[in-house]
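Here's the structure, in structure tokens; my notes come after.
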Amino acid sequence: MSVRLVLTKGREKSLLRRHPWVFSGAVARMEGKANLGETIDVVDSQGKWLARAAYSPSSQIRARVWTFDANESIDIEFFIRRLKQAQLWREWLAARDGLDSYRLIAGESDGMPGVTIDRFGNFLVLQLLSAGAEYQRPALVAALQNLYPECAIYDRSDVAVRKKEGMELTQGPVSGELPPDLLPIEEHGMKLLVDIKGGHKTGYYLDQRDSRFATRQYVKDKRVLNCFSYTGGFAVSALMGGCSQVVSVDTSQDALDVAKQNVELNKLDLSKAEFLRDDVFKLLRKYRDQGEKFDVIVMDPPKFVENKSQLMGACRGYKDINMLAIQLLNPGGILMTFSCSGLMTTDLFQKIIADAAVDAGRDVQFIEQFRQAADHPVIATYPEGLYLKGFACRIM
Ligand code: SAH
């Protein structure tokens with residue numbers, strides 16, 4: 001008989017609404033013994049079957065649901081079904097937007113908690129974040145090999161969250177050829193080099209694709225400051241939009257080196273592009289003291305919040321950089337500002353920008369709103385899947 005996780009009375013409600021997580025506080029007892037990541041059945045206090053889930057003994061999220069269908073077992077066929085479902089949407093999107101790279105699996109929102117899979121050309125980059133995802137690695141890899149015989153698979157599960165569940169960080173080739181040091185991909189008419197083996201996350205921030213494209217329409221003949229540039233996706237887009245100059249700032253020299261190559265690869269005017277290795281917080285202050293001005297500023301910082309206790313500090317950080325950016329903008333200038341912290345809601349982020357405007361002594365209009373690109377969908381039963389939000393603001 002399978003191992004059962006029995007919920008305390010009344011705690012089945014979220015599962016009945018198909019939210020995919022079981023928190024430790026909702027667990028009455030375990031019947032039988034399960035290993036890290038193993039598949040278990042979740043039942044209510046009366047013993048009624050609710051879901052089949054992966055067991056995470058040392059995580060606050062004690063179980064992550066694979067399926068709400070009692071007849072579905074978790075095997076290669078299961079992953080093939082889930083992958084095919086996800087693929088349908090991405091194929092449509094890739095055809096619409098002319099993409100060769102996209103997020104194929106966005107974890108919970110694609111019915112695969114803890115699994116991220118990005119496709120870059122013919123490379124599939126795998127990131128397994130939870131014990132259950134790791135436990136299913138062989139089945140998942142077999143499913144991928146079955147559906148995508150043309151693709152090589154590379155593992156980028158070198159993410160710190162794995163330590164929380166006592167798992168090693170892993171990275172390296174899984175099957176097929178090794179990725180090149182820099183792989184060119186296509187995004188809205190741009191060619192961009194992706195470092196699958198050594199870049200951030202899986203190599204590239206696919207989630208900002210639409211915001212990079214949207215930026216293009218605001219920059220004609222404008223002077224642009226691209227904060228937290230990484231490999232310069234916003235800078236290339238700004239140059240394609242006809243900006244007069246774009247200054248890209250990042251603390252990573254490796255990222256800036258790739259950014260420069262990306263400008264060259266697209267045969268854009270390198271003399272209009274500047275790359276500065278610097279701390280954005282310090283540089284903005286320096287620019288303010290020097291009286292520098294810009295017409296468009298992109299503010300795309302890394303995640304400032306990992307848990308609730310960091311939220312207050314993060315709010316101060318967001319307010320600080322956005323206030324400085326607002327001060328640096330000429331009247332009529334545009335601030336493209338983003339937050340990829342899941343705990344930062346859209347409402348709270350909007351309030352922070354409003355506070356930053358007051359402190360900067362400027363009037364600000366919200367004119368456009370952004371979120372993660374459509375290959376990073378948010379399933380209705382798991383609103384936490386929305387993590388990236390942004391605004392285009394007009395500064396008066
Ligand atoms: N805008 C990018 C993604 C940004 S990711 C794109 O479209 O691809 C965040 C970037 O911020 C990373 O490249 C990281 O190196 C950089 N970074 C983190 N802290 C920084 C700081 N204090 N100053 C400048 N760059 C920073």
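One-based numbering, in listed order, for ligands and for the atoms of each. The figures that follow rest on heavy atoms only: side chains count, while hydrogens, waters and symmetry mates do not. Keep in mind that what you see is a predicted model, and the values were worked out from it rather than measured.
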#### Entry: Mutual orientation of the aromatic rings belonging to Tyr318 and Phe349 [parallel < 30°, tilted 30-60°, perpendicular > 60°]
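Correct class here is perpendicular.
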Which of the numbered atoms in ligand 1 are under 4.0 angstrom from any heavy atom belonging to [X]?
X: Tyr230; result: 2 (C), 3 (C), 4 (C), 8 (O), 13 (O)
X: Arg212; result: 6 (C), 7 (O), 8 (O)
X: His200; result: 12 (C), 13 (O), 14 (C), 15 (O)

Considering only NZ, NE, NH1 and NH2 on the basic side and carboxylate oxygens on the acidic side, decide whether [X] and [Y] come within less than 4.0 Å.
X: Lys48; Y: Glu12; value: no
X: Arg64; Y: Glu165; value: yes
X: Arg285; Y: Asp320; value: yes

### Query
Does some non-hydrogen atom of Pro302 fall short of 4.0 Å from ligand 1?
yes
### Query
Does ligand 1 have any atom that is closer than 4.0 Å to a heavy atom of Asn226?
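Checking ligand 1 against Asn226, which is what was asked, there is no heavy-atom contact under 4.0 Å.
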When you measure from the side chain of [X] to the backbone N and O of [Y], does any donor-acceptor pair fall under 3.5 Å?
X: Asn262; Y: Leu193; value: yes
X: Arg288; Y: Leu328; value: no
X: Arg119; Y: Gly121; value: yes

## Note on the structure
Out of Val236, Thr251, Ile321, Leu276, the nearest non-hydrogen contact to atom 25 (N) of ligand 1 is supplied by Thr251
#### Entry: Proximity winner for atom 11 (O) of ligand 1, if only heavy atoms of Tyr204, Phe228, Phe234, Phe304 are counted
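Nearest option to atom 11 (O) of ligand 1, by heavy atoms: Phe228.
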What do we get for [X] next to ligand 1 when only non-hydrogen atoms under 4.0 Å count, side chain, backbone, both or neither?
X: Tyr205; value: side chain
X: Ser229; value: backbone
X: Asp278; value: backbone

Please state which protein non-hydrogen atom is closest to [atom] and give its distance, to 0.1 Å?
atom: atom 22 (N) of ligand 1; result: Asp279 OD1, 3.2 Å
atom: atom 23 (N) of ligand 1; result: Val280 N, 2.9 Å
atom: atom 15 (O) of ligand 1; result: Asp250 OD1, 2.6 Å

Which atom pairs, donor and acceptor, lie under 3.5 Å between side-chain atoms of residues 17-28 and protein residues at least two apart or in another chain?
residue, atom, partner, partner atom, Å
His19, ND1, Trp21, N, 3.3
His19, NE2, Glu384, OE1, 3.3
His19, NE2, Glu384, OE2, 2.8
Trp21, NE1, Glu108, OE2, 2.9

#### Entry: Heteroatom proximity flag, Asp300 to ligand 1, N/O under 3.5 Å
yes
### Task
Would you please test Phe123 and Tyr154 for ring-ring contact (aromatic ring centres under 6.0 Å, His included) and show each step?
CA-CA 7 Å; Phe123 290 90; Tyr154 193 84; 8.4 Å; no
